[in-house]
Amino acid sequence: MAAGEVNSGEFRLEIIPGNEFVDFPPGPSLLEVLRKSRSGREMAAPCGGKGTCGKCRVRILSGDCREPGPEEKQSLSEQELKSGMRLACRLFPSGDLTVELQSSGEAAVLVSPVAFGGVVSPLVRKQMILLEERDGKSQLNLFDQVRKVSGIEDMVFSGSAADSLSRLVQLRERRVTLILDGNRVLDIESGDTSAALWSFAVDIGTTSVVVSLVDASSGKEIDRRAGLNRQGIYGADVITRISHAADSVEGLKELQDSITLQIGEMMEDLCIKNGIRPEKVNSCVLAGNTSMLHLFAGVYPLGIAQTPYVPVFTEALHFAEGTGPLGSSPFGKMVTRLVPGRSAYIGADITVGIAAVGMDMQEETALFVDIGTNGEIVLGSRDALVSCATAAGPAFEGAHIACGTGSIAGAVYSVVFEADTGRLKTGCIGGGAPSGICGSGIVDIAALLVREGLVDGKGRFLAVDKLSSSTGDELKSRRTTIDGEEVFLLSPASESAHGSPVYFSQKDLREVQLAKGAVAAGIETLLNCRNMAVTDVEMVYLAGGFGSALDPESAFQIGLLPAELKGRVIPSGNTSQRGAVYYTLSGDFRRRTGKLRESLDYLELSFDKGFSRRLMAHMYFDIPRGI
Ligand code: FES
């Protein structure tokens with residue numbers, strides 16, 4: 001039996017690529033079997049296995065399976081079904097199978113090294129002390145002696161600290177180092193170890209997860225790991241995952257196990273690569289949206305999905321060493337802290353994001369826009385900040401888009417039409433053949449359709465004979481139909497990575513219209529509630545992987561951002577990851593983030609009278625004159 005085999009059932013699944021074998025009992029869907037495998041655990045399943053998104057495609061290479069059901073016939077073309085393509089969530093194996101995964105590529109998650117230039121005052125710190133000589137003159141017990149020489153009168157000690165102290169004194173060690181979480185001694189080490197202080201800073205995004213290893217004594221982030229959030233197999237957006245948590249007793253546990261296991265593996269990997277023993281890591285800070293932090297903590301998040309949208313917690317949750325979701329991992333000596341958020345939809349990722357770009361301290365009026373499955377928007381300056389969250393939908397994450405995908409190898413991330421050569425140029429992650437389109441590519445295509453007049457102001461695809469004579473032949477040749485749907489073809493089946501065409505459809509453009517309309521209407525509603533004009537905004541921080549990969553020109557072209565803000569956009573990268581690192585390192589940053597939890601205003605758009613009207617208005621496009 002090869003490495004990676006599991007032997008616990010009656011049928012056998014062989015997964016290609018990956019050369020993995022999984023034995024399983026009759027009953028579960030292929031998606032459920034794949035969730036438990038190494039190769040399939042990050043497979044996209046945006047609708048959470050309900051058979052409606054068509055993204056959990058696999059190709060059956062051999063084996064028994066029943067005829068395709070109605071959902072599969074709806075999502076897959078006849079040609080695809082003939083080639084063995086099936087939906088893993090709708091296929092219930094009745095025997096051994098060999099399957100080929102369609103999207104097992106590594107995630108190209110945006111991560112940039114984090115630089116911290118402030119005063120280092122880490123969450124967990126070290127202090128070297130010199131214990132008094134045991135000459136019989138002092139009558140102080142050991143705890144009081146440590147309190148006296150450290151200058152921390154209200155110091156309390158953990159059980160490990162008491163054990164270590166008694167052992168070190170027996171060994172006649174006088175120079176010792178306290179590991180301190182506030183006034184609590186977590187442990188005591190022999191000698192001066194104050195230069196060796198390690199922490200993790202984690203960003204749990206709905207789509208991706210980033211773990212940074214931080215040298216908390218020098219204030220440097222020394223390494224990082226990133227990957228797609230493995231909870232994606234339970235649904236692309238938070239609402240689908242919350243409903244998975246609600247569906248069964250195991251649902252919440254599955255979601256929590258999925259994220260804690262993933263983070264634990266990334267941490268172990270970082271420790272091995274950097275030669276650090278897991279028990280030497282003293283703290284872990286986690287930022288993320290409110291739903292992700294609830295699921296990490298194993299707290300049922302149903303209130304987030306139902307009006308009036310009340311989460312269980314938004315404050316900084318604290319887990320002492322050896323407790324909490326990561327307490328029984330090899331990192332049992334680490335304290336875990338969840339960063340405070342503001343509300344159900346303005347989470348810790350946004351509070352640390354605002355503090356990371358410094359918006360809470362700056363005089364100029366700015367906008368902070370983080371577009372993912374939700375669009376979180378903050379407006380203001382150091383005087384006052386107001387926020388809102390729009391249900392942008394997962395279109396910009398590639399979900400609900402026929403050929404949409406995450407930022408994985410093969411994803412088309414950029415589409416440019418060169419007017420002088422009349423050629424369409426596409427950029428593909430990894431440089432190979434295209435397999436799908438990720439968020440920035442989706443916005444580029446929508447912008448191209450608008451700019452070149454292939455759609456009208458309402459977003460309707462124009463028939464080829466209705467296109468302007470100035471529309472080039474290359475663009476016209478790409479306007480076609482596939483399975484009766486109006487599409488813009490990016491790659492024919494013969495040139496794609498998986499033998500199926502890669503295209504952008506009329507339905508896809510409708511999803512983009514909803515998403516861009518929601519973000520633009522959110523911006524306008526915030527401006528309106530503060531009696532501001534868009535010209536009052538002096539800068540726009542575009543946060544998140546999507547925001548940073550986005551071509552601002554395309555965003556202006558489709559009306560995702562108001563045209564008046566041209567030249568004011570600052571791509572800001574993963575501000576949540578950066579904020580988590582800063583939170584680990586800086587007391588001032590922790591204080592500012594805590595203050596934001598109290599002072600940041602929140603506007604619930606579903607209660608705003610003008611929002612629906614603005615949403616409708618912003619779903620249209622401004623078609624350039626002369627087309
Ligand atoms: Fe299978 Fe959506 S169709 S996960």
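One-based numbering, in listed order, for ligands and for the atoms of each. Residues: numbered from 1 along the sequence shown.
Between E268 and R225 there is no salt bridge, since no side-chain N of the basic residue sits under 4.0 Å from a carboxylate O of the acidic one. Here D203 does not pair with R578 in a salt bridge; the nearest charged N to carboxylate O distance is not below 4.0 Å. Electrostatic pairing of R479 and E486 counts as a salt bridge here, judged by a charged N lying under 4.0 Å from a carboxylate O.
Each of the following atoms of ligand 1 lies closer than 4.0 Å to a heavy atom of C89: 1 (Fe), 3 (S), 4 (S). Counting atoms of ligand 1 from 1 in the listed order, those under 4.0 Å from a heavy atom of G49 are 4 (S). Those atoms of ligand 1 with a heavy atom of T52 less than 4.0 angstrom away are 3 (S). Close contacts of ligand 1 with G51, meaning ligand atoms under 4.0 Å from a residue heavy atom, involve 3 (S). Shown in contact with A45 at under 4.0 Å from a heavy atom are these atoms of ligand 1, numbered in order with element: 4 (S). Residue C56 approaches ligand 1 through these ligand atoms, each under 4.0 Å from one of its heavy atoms: 1 (Fe), 3 (S), 4 (S).
For the residue pair T206/D237, the side-chain donor-acceptor check at 3.5 Å is not satisfied.
For atom 3 (S) of ligand 1, the closest heavy atom belonging to the protein is G54 N, 3.2 Å.
Vertex atom 2 (Fe) of ligand 1, arms ending at SG of C53 and SG of C47: the angle is 110° after rounding to 10 degrees.
Checking side-chain atoms of E32 against main-chain N and O of S29 turns up a donor-acceptor pair under 3.5 Å. Under a 3.5 Å cut-off, the side chain of R90 and the backbone N or O of G69 do not form any donor-acceptor pair.
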